[in-house]
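Working notes, beginning with the structure itself.
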Amino acid sequence: MSGRLPETDDVLREVQERFEAARDFEAQWRKHALEDLRFFHADAYNHDQWDSAVYQARSGTFGGSPRPCLTINKTQQHVFQIENDARQSQMGMKVNATGFGSNEKAADVIEGIIRHIEYQSNAQQNAYNCAIQGQVRQGMGWVHVVTDYVRGQDSFDQDFFIKSVPDPRSVYSDPNTQEPDHSDMQWAMIVEEMPRAEFERLYPGHEDVKGAPLSIAAEGDERTDISERDTVRVFRYYRRNEDKDTLLIFTEN
């Protein structure tokens, strides 16, 4: 688009480079996650627990008499048991006072604020449960924190909300993390695909944006024709900013 600031072009270039790096690094996992999800939802109609070549051979596609191809999904009951056990415990954030002049009273106040954010976001039923489903069914679950205008008020006041990520494969994160909890992650992005009409409704004034220029289809993904559809891809990009600073210390003689 015309009229972009130079730093805007730098950010867009950074997003594209990091997106492609995460897409290539996680391509195998995304393929397996999709296969796991199909296996979980398999039934007698889609036959997703059967290898396609074996199913075609047994169904008589290549000639010969067709043989039964039964699907008895025993995976779902175990997945539901794990998810239900996780829902039994009250999920939430705990704030502890640990050094640097902190105290228990201040920690309780901060924890109360977080509880309020969880309550107004309905995080227990939406974000946390959705993350558990992603963990159990595909191996990864996410939530993210956003700001939005206070509901039911005509004002410029904003508040925090904890939102769910329905599809964990829509998140692309820093592939160079080393810590098991990804606490050293430098960036992440949530990729959402939407019809052009919906995009123009949500983001008026950007009608000149082209279709999806970046392919997110991994090997074996059926969404390889995304560039041929009238679809716009929206990136919600998070990154850490590093500012150089100088710390001075003075000693008295």
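Excluded from the calculations below are hydrogen atoms, water molecules and symmetry mates; all remaining heavy atoms, backbone and side chain alike, are included. Being a predicted model, the structure only gives us computed values, none of them experimental.
- Across all non-hydrogen atoms, the minimal contact from Thr98 to Ser102 is N-OG, 3.2 Å.
- Looking only at distances, a side-chain donor or acceptor of Asp174 sits under 3.5 Å from a matching main-chain atom of Gln186.
- In this structure Phe25 satisfies the ring pair (Phe, Tyr, Trp, His ring centres under 6.0 Å) test with no other residue, sequence neighbours excluded.
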Would you check, one step at a time, whether the test ring-ring contact (aromatic ring centres under 6.0 Å, His included) holds for Tyr172 with Tyr237? CA-CA 10 Å; Tyr172 294 77; Tyr237 181 47; over 10 Å; no

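- In this structure, Asp243 CG and Asp245 CG are separated by 8.0 Å, a value rounded to the nearest 0.5 Å.
- A pairwise comparison of heavy atoms in Ala97 and Ala107 identifies N-CB, 3.9 Å as the closest pair.
- When side chains are defined from C-beta on, Ile114 counts as touching Val95, because their heavy atoms get closer than 4.5 Å.
- Remark: side-chain polar atoms of Glu179 are not paired, donor with acceptor, to backbone N or O of Asp184 under 3.5 angstrom.
- In this structure, the separation between CD1 on Ile117 and CE on Met93 is 8.0 Å, given to the nearest 0.5 Å.
- In the displayed structure, Glu104 atom CD is contacted under 6.0 Å by at most 12 heavy atoms of other residues, nucleotides or ligands.
- In this structure, the side chains of Met91 and Glu118 stay at 4.5 Å or more apart for every pair of heavy atoms.
- Residues Tyr149 and Asp157 have side chains not in contact (no heavy-atom distance under 4.5 Å, counting atoms from C-beta outward).
- Proximity of Met194 to Leu202: side-chain heavy atoms (C-beta onward) are separated by under 4.5 Å at one or more points.
- In the hydrophobic cluster analysis, where Ile, Leu, Val, Met, Phe, Trp and Tyr join through side-chain heavy atoms closer than 4.5 angstrom, Val146 is grouped apart from Phe160.
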Could you check Met189 against Arg239 for side chain to side chain contact (heavy atoms under 4.5 Å, CB included), going step by step and ending with a plain yes or no? CA-CA 8 Å; Met189 59 185 72; Arg239 66 172 178 172; over 6 Å; no

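- Dense packing is recorded around CZ of Phe161, with more than 12 heavy atoms of other residues, nucleotides or ligands lying under 6.0 Å away.
- Within the 3.5 Å criterion, the main-chain N or O of Phe39 finds no donor-acceptor partner in the side chain of Asp48.
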Gln49/Arg38 under side chain to side chain contact (heavy atoms under 4.5 Å, CB included): CA gap, chis, key distance, verdict: CA-CA 8 Å; Gln49 288 188 356; Arg38 285 174 173 170; over 6 Å; no

Quick one, Ile249 with Leu247, criterion side chain to side chain contact (heavy atoms under 4.5 Å, CB included). Give me CA distance, side-chain angles, the key distance, then yes/no. CA-CA 7 Å; Ile249 184 172; Leu247 182 62; over 6 Å; no

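- For Ser121 (side chain) and Ile162 (main-chain N/O), a donor-acceptor pair under 3.5 Å exists by modelled atom type.
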Derivation of the side-chain hydrogen bond (donor to acceptor under 3.5 Å, both in side chains) call for Gln124 and Asn129: CA-CA 6 Å; Gln124 297 288 339; Asn129 285 344; over 6 Å; no

Test Gln158 against Phe156 for side chain to side chain contact (heavy atoms under 4.5 Å, CB included), laying out the working first. CA-CA 6 Å; Gln158 294 195 23; Phe156 293 103; over 6 Å; no

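- Looking at Ser183 and Asp181, their side chains do bring a donor and an acceptor atom within 3.5 Å of each other.
- Classified by interplanar angle (parallel below 30°, tilted 30° to 60°, perpendicular above 60°), the ring pair Phe19/Phe235 is perpendicular.
- Among all heavy-atom pairs drawn from Ser173 and Ala22, the shortest one is O-CB, 3.5 Å.
- For Asp148, there are no side chain to side chain donor-acceptor pair (under 3.5 Å) partners two or more places apart in sequence or in a different chain.
- Here the side chain of Asn84 pairs no donor or acceptor atom with the backbone of Gln81 at under 3.5 angstrom.
- Between Leu12 atom CG and Glu17 atom CD the span is 11.0 Å, to the nearest 0.5 Å.
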Full working for salt bridge (Lys or Arg N to Asp or Glu O under 4.0 Å) between Glu111 and Lys94: CA-CA 6 Å; Glu111 185 172 325; Lys94 177 67 177 176; 3.5 Å; yes

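- Across all non-hydrogen atoms, the minimal contact from Glu26 to Val171 is OE1-O, 4.0 Å.
- Judged by distance alone, the side chains of Arg87 and Tyr128 never bring a donor and an acceptor atom under 3.5 Å apart.
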Under the salt bridge (Lys or Arg N to Asp or Glu O under 4.0 Å) rule, what do Lys105 and Asp108 come out as? Steps first, then yes or no, please. CA-CA 5 Å; Lys105 184 176 181 180; Asp108 292 339; over 6 Å; no

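- With hydrogens and angles ignored, the 3.5 Å screen pairs no side-chain donor or acceptor of Glu193 with any backbone N or O of Val234.
- Cys69 approaches Ser59 most closely through the heavy-atom pair SG-N, 4.3 Å.
- Between the OG1 atom in Thr71 and the OH atom in Tyr45 there is a gap of 11.0 Å [rounded to 0.5 Å].
- Residues Asp159 and Gln120 have side chains that bring a donor and an acceptor to within less than 3.5 angstrom of each other.
- Side-chain contact between Arg13 and Asp10 is present, with heavy atoms from C-beta onward closer than 4.5 Å.
- Within the 3.5 Å criterion, the main-chain N or O of Ala27 finds no donor-acceptor partner in the side chain of Asp24.
- Between the side chain of Arg58 and the backbone N or O of Pro66 there is no donor-acceptor pair closer than 3.5 Å.
- Taking NZ of Lys163 as the reference point, atom CD1 of Ile190 lies at 12.0 Å (rounded to 0.5 Å).
- Grouping the Ile, Leu, Val, Met, Phe, Trp and Tyr side chains by contacts below 4.5 angstrom, directly or via other members, places Trp187 with Val191.
- The distance from the CZ atom of Arg115 to the OH atom of Tyr119 is 14.5 Å, given to the nearest 0.5 Å.
- Met185 and Val145 sit in two unconnected hydrophobic clusters of ILVMFWY residues. Membership requires side-chain heavy atoms under 4.5 Å apart, directly or through other members.
- Between Ser170 and Asp167, the shortest heavy-atom contact is OG-O, 2.6 Å.
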Indicate every side-chain donor-acceptor pair of residues 130-143 with a distance under 3.5 Å to a residue at least two apart or in another chain.
unit_1: Arg137; atom_1: NE; unit_2: Glu83; atom_2: OE2; d: 2.8
unit_1: Arg137; atom_1: NH2; unit_2: Glu83; atom_2: OE1; d: 3.2
unit_1: Gln138; atom_1: OE1; unit_2: Arg169; atom_2: NE; d: 3.2

